[in-house]
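See below for the structure under consideration.
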Amino acid sequence: MLAAIIFDLDGVLTDTAEAHFRAWKRLADSIGVPFDHAANEQLKGIDRMGSLDRIIGDRPGFNANERARLAAVKNGWYLEEIAGFTPADLFPGARAVLEEARGAGLKIALASASRNAPLLLERLGIATLFDAVADPAAVAAGKPAPDIFLAAARAVDVAPALCLGVEDAEAGITAIRAAGMASLGIGSPAVLANADRVIAAIGAFRLGEYRSA
Ligand code: BG6
Ligand code: MG
């Protein structure tokens, strides 16, 4: 039985990867650290400070205060990137998936690592379709730990075994599985090999296939 669907946001409902890339690239260039699209791929699902730590690595001269400052600078540039987001930036079919699931009586929750998620939900015009948005600042460990998915399930009062988690990142699928939920990958089966099922895009989601499962 399925009682709740817990969605990731970035890369599942909207495409923010390029916006994150441009902001990180700008930051990396400003401190003379190499960064490319391949490196950006590895940051999907990883929280802001974790991403910065991966970009800088153990290079000398970046203490905790400086890293916090750089993370804030990057976020300012990221906010510039998403300033113009509107409902037109939802992936095709995303709104219909949320509406159909709500109509079927399922709880809908968000488990995004992004502290900008509530803002994006508003800009995308889908905030009111969510029963709960888990706060990444309030969980002990980020993805691939299960914490944020478990927090989202708790917020809608549904047992993990009755939840379907939807993710585009390898770290996110690992988190869903560790939470004891069924997992749906969005993207490439090669990258998301651990997911129970993989579809190319959210628009290909068919609720009936999961309700009868
Ligand atoms: C995830 C993205 O959803 O959120 C990551 O996949 C990003 O790329 C992370 O680093 C944190 O986002 P933010 O908006 O809090 O910096
Ligand atoms: Mg994602």
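One-based numbering, in listed order, for ligands and for the atoms of each.
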Exercise. Could Glu66 and Arg69 be called an ion pair, given the rule that one side-chain N must be under 4.0 Å from one carboxylate O?
Worked result: yes

Exercise. What part of His20 sits under 4.0 Å from ligand 1 if we count only heavy atoms: the side chain, the backbone, both or neither?
Worked result: side chain

Exercise. So Phe130 and Phe7, would you call those rings parallel, tilted or perpendicular, with 30° and 60° as cut-offs?
Worked result: perpendicular

Problem set entry | Ile46 contact mode with ligand 1 (heavy-atom cut-off under 4.0 Å) | backbone

For this session: Could you see which bit of Ser114 sits under 4.0 Å from ligand 1, with heavy atoms only: side chain, backbone, both or neither?
Result: both

Problem set entry | Heavy-atom donor-acceptor pair, Arg177 side chain to Asn194 backbone, under 3.5 Å | yes

For this session: State yes or no: do Val158 and Met181 share one hydrophobic cluster built from I, L, V, M, F, W and Y residues joined by side-chain heavy-atom distances below 4.5 Å, directly or via other members?
Result: no

For this session: For Arg67 and Leu52, indicate whether the former's side chain and the latter's backbone hold a donor-acceptor pair under 3.5 Å.
Result: no

Exercise. Which atom, counting only N, O or S, brings Asp8 closest to the Mg ion (ligand 2)?
Worked result: OD2

Problem set entry | Element-labelled atoms of ligand 1 that are located less than 4.0 Å from some non-hydrogen atom of Leu43 | 5 (C), 8 (O)

Exercise. Would you say Arg115 and ligand 1 have an N/O pair spaced under 3.5 Å apart?
Worked result: yes

Exercise. Against heavy atoms of Ser51, which atoms of ligand 1 measure under 4.0 Å?
Worked result: 10 (O)

For this session: Have a look at Lys143 and tell me which of Asp10, Asp168, Asp8 forms a salt bridge (charged side-chain N to carboxylate O under 4.0 Å, His left out) with it.
Result: Asp8

Exercise. Ligand 1 and Arg48, any nitrogen or oxygen pair closer than 3.5 angstrom?
Worked result: yes

Exercise. Looking at ligand 1, does any of its N/O atoms fall within less than 3.5 Å of an N/O of Asp10?
Worked result: yes

Exercise. Just wondering, more than 12 heavy atoms not from Lys25 lying within 6.0 Å of its NZ?
Worked result: yes

Problem set entry | Salt-bridge present (Arg115, Asp47; N to O < 4.0 Å) | no

Seminar exercise, completed: ligand 1 atoms nearer than 4.0 angstrom to some heavy atom of Lys44 are 6 (O)

Problem set entry | Shortest-distance N, O or S atom of Asp10 relative to the Mg ion (ligand 2) | O

Exercise. Can you find an N or O of Asn116 that's nearer than 3.5 Å to an N or O of ligand 1?
Worked result: yes

Exercise. Got an N, O or S from Asp168 under 2.8 Å of the Mg ion (ligand 2)?
Worked result: yes

Problem set entry | Arg26/Glu80 salt bridge by N-O under 4.0 Å criterion | yes

Exercise. Which of the numbered atoms in ligand 1 are below 4.0 angstrom from a heavy atom of Gly45?
Worked result: 2 (C), 5 (C), 6 (O)

